[in-house]
There are 2 protein chains.
Amino acid sequence: MVGKEIPDIIVGRLPIYLRALRHMREDGQQTTSSQELGKQVGISAAQIRKDLSQFGEFGKQGTGYLISYLIDKLCEILKVDRVWDVAVVGAGDMGHALTRYQGFFNRGFRITMIFDNNPDLLGKKIGDLTIQSTDALVSALKAGKVSLAMLTVPATAAQKITDLLVEAGVKAILNYAPISLNVPEGVIVQYIDPSTHLQRMTYYL
Amino acid sequence: MVGKEIPDIIVGRLPIYLRALRHMREDGQQTTSSQELGKQVGISAAQIRKDLSQFGEFGKQGTGYLISYLIDKLCEILKVDRVWDVAVVGAGDMGHALTRYQGFFNRGFRITMIFDNNPDLLGKKIGDLTIQSTDALVSALKAGKVSLAMLTVPATAAQKITDLLVEAGVKAILNYAPISLNVPEGVIVQYIDPSTHLQRMTYYL
DNA sequence: TAGATTGTTAATCGATTAACAATC
DNA sequence: TAGATTGTTAATCGATTAACAATC
């Protein structure tokens with residue numbers, strides 16, 4: 001295979017597979033099949049095999065996939081065979097919750113900075129981290145070579161902060177503010193907005 | 001058009017359009033075009049027109065869409081022309097953050113109950129709401145006819161709580177626990193897992 | 001060996017885009 | 001009227017599924 005572009009929809013499923021495989025491993029399981037994994041995550045066995053085949057041959061006919069091996073391979077593919085530093089901007093309830101969340105580290109992430117523009121919060125601590133002024137954001141991120149950020153500021157501030165993140169060299173933003181962001185080519189944004197998720201479901205009720 | 005099934009991928013874009021239209025209205029804007037809206041949300045104008053045309057004719061040649069009218073129509077379609085009661089299960093940092101979040105109400109949702117199984121938390125208040133025992137979950141949800149829930153418990157407890165939610169008649173679950181849930185036909189799940197979102201982005205870095 | 005399951009191909013299905021007549 | 005923009009059709013593009021030879 002010569003570096004043909006992988007569709008993003010496939011990339012988006014890999015973390016789901018990885019998560020399920022980790023759960024299987026925690027349960028002491030050693031091997032699985034595309035059928036079993038598919039049933040677990042609600043995706044057809046054929047699709048899982050097709051998705052994985054984009055990246056190599058990870059299974060064995062007759063026996064399926066060695067869970068630990070497939071986990072390693074997926075971590076490599078997703079580049080989470082290392083730990084990424086992540087900055088949080090916005091130290092409200094959501095930023096607070098994310099910063100204290102213990103689940104990031106063994107998924108490949110570590111929150112190393114938190115920022116807010118509220119003077120009352122500056123210098124306060126969340127866990128080991130001290131809340132810094134957004135005035136320091138660009139220089140601190142550049143110095144720390146941070147390329148991932150989570151954005152938990154109000155919608156009204158989100159675009160302005162985004163522009164700072166871009167200026168600071170951030171390449172991927174997980175946006176919790178309920179607004180679409182404009183970013184230049186080469187910067188990726190993913191959106192988490194519980195209201196849009198809920199609205200997508202109420203349609204069916 | 002005779003009730004032909006709308007693809008879920010289209011349903012999923014409607015809340016995005018709705019959110020952008022509301023921002024436009026807040027800015028005092030009265031009309032928009034598929035081109036302008038598309039630029040705002042990063043979707044082609046043709047696709048927006050095609051999506052909307054599944055539900056009716058909401059625009060005018062030459063002038064585009066009346067924002068307030070289109071908002072009303074999208075709210076009707078998504079069934080958020082009313083306010084839905086939502087239960088939160090899990091009163092950790094994330095459940096806390098969601099319960100205190102002010103942004104739900106004008107998107108069509110209102111958190112009316114919060115549950116946790118930690119005895120130390122029972123009876124404590126988050127805003128106006130008192131944390132209830134998960135033992136009371138099924139009866140309280142049935143009594144309140146709640147059909148939406150947000151799940152913010154640890155992954156280890158998520159499936160067990162999901163079974164209770166299903167038993168209580170919940171039809172849509174927004175799952176913050178990092179695990180795939182099994183639900184019967186007729187129950188919808190949406191997933192929010194920041195780690196999977198981040199992993200989807202690190203692939204490209 | 002016999003049964004199971006992969007990786008892959010071809011067929012099907014679905015989604016997006018381009019183009020344009022209709023019309024405000 | 002002239003310019004703009006819709007709703008819709010046909011063409012294109014992409015994703016999913018079914019099927020099966022290969023092989024553990």
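Please read all numbers here as calculations on a predicted model, not as lab measurements. FYI, side chains are in, hydrogens and waters are out, and symmetry mates aren't considered; it's all heavy atoms of this structure.
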Selection from [options] that lies nearest to any side-chain heavy atom of [X]:
X	options	value
B/Ala46	D/dA22, C/dA18, C/dT16	C/dA18
B/Lys50	C/dT17, D/dT17, C/dT6	C/dT17
B/Ser53	D/dT6, D/dT8, D/dA15	D/dT8

In whole angstrom, give the distance that lies between atom [atom1] of [X] and atom [atom2] of [N].
X	N	atom1	atom2	result
A/Gln47	C/dG14	CD	C1'	13 Å
A/Gln61	D/dT23	CD	C1'	4 Å
A/Ile43	D/dA18	CD1	P	15 Å
B/Ile9	C/dG14	CD1	P	13 Å
B/Gln35	D/dG7	CD	P	15 Å
A/Glu57	D/dC24	CD	P	10 Å
B/Arg49	D/dT5	CZ	C1'	7 Å
A/Asp51	D/dG14	CG	C1'	13 Å

Stems with DNA chain C, 3 or more Watson-Crick or G-U pairs in a row (under 3.5 Å), are C:3-24 with D:3-24
Any donor-acceptor pair under 3.5 Å linking the side chain of [X] with the backbone of [Y]?
X	Y	value
A/Gln102	A/Arg100	yes
B/Ser133	B/Asn117	no
B/Thr134	B/Leu137	no
B/Asp27	B/Gln29	no

Give the table of side-chain donor-acceptor pairs shorter than 3.5 Å for residues 167-186 of chain B, with sequence neighbours excluded, one pair per line with atom names and distance.
residue	atom	partner	partner atom	Å
B/Asn175	OD1	B/Ala177	N	2.8
B/Asn175	ND2	B/Ala177	O	3.1
B/Asn175	ND2	B/Ile179	O	3.0

Quick check: are there more than 12 heavy atoms from other residues, nucleotides or ligands sitting under 6.0 Å from CZ of A/Phe105?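 12 or below, so no.
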Look at the side-chain N and O atoms of B/Ser44 and state whether any lies under 4.0 Å from the OP1 or OP2 oxygen of C/dT17.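 Looking at the OP1 and OP2 atoms of C/dT17, one of them is under 4.0 Å from a side-chain N or O of B/Ser44.
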Does the side chain of B/Ser34 get closer than 4.0 angstrom to OP1 or OP2 of D/dT6 through an N or O atom? yes
Assuming nearest nucleotide by heavy-atom distance, tell me which of A/Leu52 and B/Ile10 is located more 5' along DNA chain C. A/Leu52
Is the shortest distance from a Lys or Arg side-chain nitrogen in B/Asp8 or A/Arg200 to a carboxylate oxygen in the other one below 4.0 Å?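 Judged by the 4.0 Å cut-off on N to carboxylate O distance, B/Asp8 and A/Arg200 do form a salt bridge.
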Answer yes or no: is there an ion pair linking B/Asp85 with B/Lys145, defined by an N-O contact shorter than 4.0 Å? no
State whether A/Tyr203 and B/Lys79 meet the cation-pi test: NZ (Lys) or CZ (Arg) under 6.0 Å from the six-membered ring centroid, and within 45° of the perpendicular axis. yes
Please list, in numerical order, the residues of residues 63-77 of chain B that have a heavy atom closer than 4.0 Å to any atom of DNA chain D. B/Thr63, B/Gly64, B/Tyr65
